[in-house]
Amino acid sequence: MADISAIQSRAEADVSDLLTLLKPRVMSLAVFTAAVAMFAAPGALHPVIGFASLLFIAIGAGASGALNMWWDADIDILMRRTRARPVPDGRVSRQDALMLGLWLSGFSVVMLALTANLLAALLLALTIFYYAVIYTILLKRSTPQNIVIGGAAGALPPIIGWAVTTGGISVEPLAMFMLILLWTPPHFWSLALFSSDDYRRAGVPMLTITHGDHATRRWIWWYSLSLLPVSAFLALSGVGGPLTLAAAVILNALMLHFAWRLRRRDAETAERDRWSEERRFFRLSILYLFAIFAAFAADTAAGMIFGWFPLSAVALL
């Protein structure tokens with residue numbers, strides 16, 4: 001491990017440093033999936049309550065990011081991809097990152113309980129705890145299954161959003177949860193394929209380190225294949241429709257195509273072309289999740305405007 005004295009300095013942080021602590025890209029995914037579930041859920045929700053709820057979900061997601069950066073500062077400084085983050089770079093102290101994460105955690109949970117309901121707030125608290133403690137502290141440095149188990153934290157926002165609107169949980173948000181849970185490993189393993197040196201240097205037991213690139217590519221294929229039945233179920237569910245079905249067909253075909261290309265690659269080929277296929281799959285996986293959740297929202301909006309029935313209802317006619 002690196003000497004972490006360099007990341008204990010108390011440099012003057014600006015607003016951009018504090019925002020970076022909140023992992024805005026990760027936060028945007030959590031907010032988007034929660035917003036889609038909130039919109040697609042049955043029942044009426046006042047726009048002000050919906051907006052405020054999304055704000056507090058975003059703050060809670062950001063709190064998780066700050067706590068993650070607090071704990072991981074000693075390995076972030078060893079990785080090219082993360083060494084410029086505010087804590088390892090010395091622009092924000094570890095203590096300040098911890099205090100910001102704890103304060104925002106408490107604030108977001110309490111405010112979501114007051115704005116929406118207790119169930120949504122408890123689910124947000126569970127998400128923060130799972131990401132900061134279960135994944136970051138307990139799993140990340142101890143098992144190659146870190147992202148498989150820890151991915152549940154990133155999969156919970158749709159259940160939170162659904163609970164904001166309905167005050168309960170049903171099969172649709174649970175299926176959304178499962179979709180993100182199964183999507184997370186191939187997404188992060190493709191990143192790990194072209195960042196293996198970073199993870200090896202930091203001592204993080206990613207699958208690429210413990211089982212090798214060939215096994216990682218094989219598992220990326222199988223997890224990509226597992227997305228097919230879950231997305232098909234969602235297309236036929238109350239949050240789906242013809243747009244979701246079309247998106248699922250196209251997106252799954254692309255995921256499987258590029259996952260198969262990854263599976264057939266060898267280490268020499270990958271190194272020679274600078275991991276282009278791995279990077280392409282990583283970018284595609286981001287598009288996959290955003291696009292399929294956008295399709296949920298589009299089908300819901302079309303149902304409101306044109307009176308579309310979900311495909312599950314059409315099948316019963």
Side-chain angles (χ1 to χ4, degrees), residues 28-45 50 54 151-152 154-166 168-188 190 219-263 280-317:
S28 66
L29 180 60
V31 171
F32 180 66
T33 57
V36 169
M38 192 183 301
F39 177 61
L45 181 68
L54 285 177
L156 281 167
I159 302 181
I160 301 173
W162 192 277
V164 167
T165 299
T166 68
I169 301 173
S170 67
V171 67
E172 291 90 351
L174 292 176
M176 292 178 180
F177 170 91
M178 184 59 63
L179 184 73
I180 300 175
L181 187 68
L182 294 173
W183 166 88
T184 302
H187 170 70
F188 277 98
S190 62
W219 281 110
I220 285 175
W221 160 257
W222 286 114
Y223 270 90
S224 298
L225 188 62
S226 73
L227 293 171
L228 186 58
V230 180
S231 57
F233 172 84
L234 281 164
L236 298 172
S237 73
V239 298
L243 298 176
T244 302
L245 182 60
V249 170
I250 295 169
L251 292 167
N252 280 293
L254 288 171
M255 285 284 284
L256 291 175
H257 171 71
F258 285 103
W260 185 251
R261 289 178 60 163
L262 275 187
R263 183 173 180 175
R280 187 177 292 115
F281 183 90
F282 177 74
R283 292 191 292 268
L284 173 64
S285 66
I286 298 173
L287 172 65
Y288 177 95
L289 200 64
F290 273 102
I292 204 160
F293 269 82
F296 298 151
D299 269 324
T300 300
M304 292 177 177
I305 297 171
F306 302 111
W308 286 10
F309 290 101
L311 291 176
S312 57
V314 174
L316 295 174
L317 295 178

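As a basis for the values below, the full set of heavy atoms in this structure was taken, side chains included, without hydrogen atoms, waters or symmetry mates.
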Work out which heavy atom in [X] is nearest to a heavy atom in [Y]; give both atom names and the distance.
| X | Y | answer |
| --- | --- | --- |
| Val36 | Ala297 | CG1-N, 4.0 Å |
| Ile180 | Gly154 | CG2-O, 3.7 Å |
| Val239 | Thr244 | O-OG1, 4.2 Å |
| Gly240 | Asp299 | C-OD2, 3.6 Å |
| Met178 | Val230 | CG-CG2, 4.1 Å |
| Ala294 | Phe32 | N-CZ, 3.9 Å |

Let me confirm one number: the [atom1]-[atom2] distance from [X] to [Y], rounded to the nearest 0.5 Å.
| X | Y | atom1 | atom2 | result |
| --- | --- | --- | --- | --- |
| Leu225 | Met255 | CG | CE | 11.0 Å |
| Leu227 | Leu182 | CG | CG | 6.0 Å |
| Leu251 | Leu256 | CG | CG | 11.0 Å |
| Thr300 | Met38 | OG1 | CE | 13.0 Å |
| Ile286 | Leu289 | CD1 | CG | 9.5 Å |
| Leu254 | Phe281 | CG | CZ | 10.5 Å |

Determine whether [X] and [Y] make a side-chain contact, defined as any pair of heavy atoms from C-beta on separated by less than 4.5 Å.
| X | Y | answer |
| --- | --- | --- |
| Arg263 | Ile220 | no |
| Tyr223 | Thr184 | no |
| Ser224 | Phe258 | no |
| Met176 | Thr33 | no |
| Ser231 | Ile292 | yes |
| Leu181 | Phe177 | yes |
| Tyr288 | Leu179 | yes |
| Leu29 | Phe290 | yes |

query = In chain order, what residues pass the salt bridge (charged side-chain N to carboxylate O under 4.0 Å, His left out) check against Arg280, with sequence neighbours excluded?
reply = Glu277

key: Partner residues of Ser28 under the side-chain hydrogen bond (donor to acceptor under 3.5 Å, both in side chains) criterion, sequence neighbours left out   = none

message = Determine whether a donor-acceptor pair (N or O, by modelled atom type, separation under 3.5 Å) exists between the side chain of Thr165 and the backbone of Trp162.
response = no

message = Ring-plane angle category for Trp221 and Trp260, please: parallel below 30°, perpendicular beyond 60°, tilted otherwise.
response =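 Perpendicular, since the angle between the ring planes exceeds 60°.
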
message = Once you measure the plane-to-plane angle for His187 and Trp183, does it fall in the parallel (<30°), tilted (30-60°) or perpendicular (>60°) bin?
response = parallel

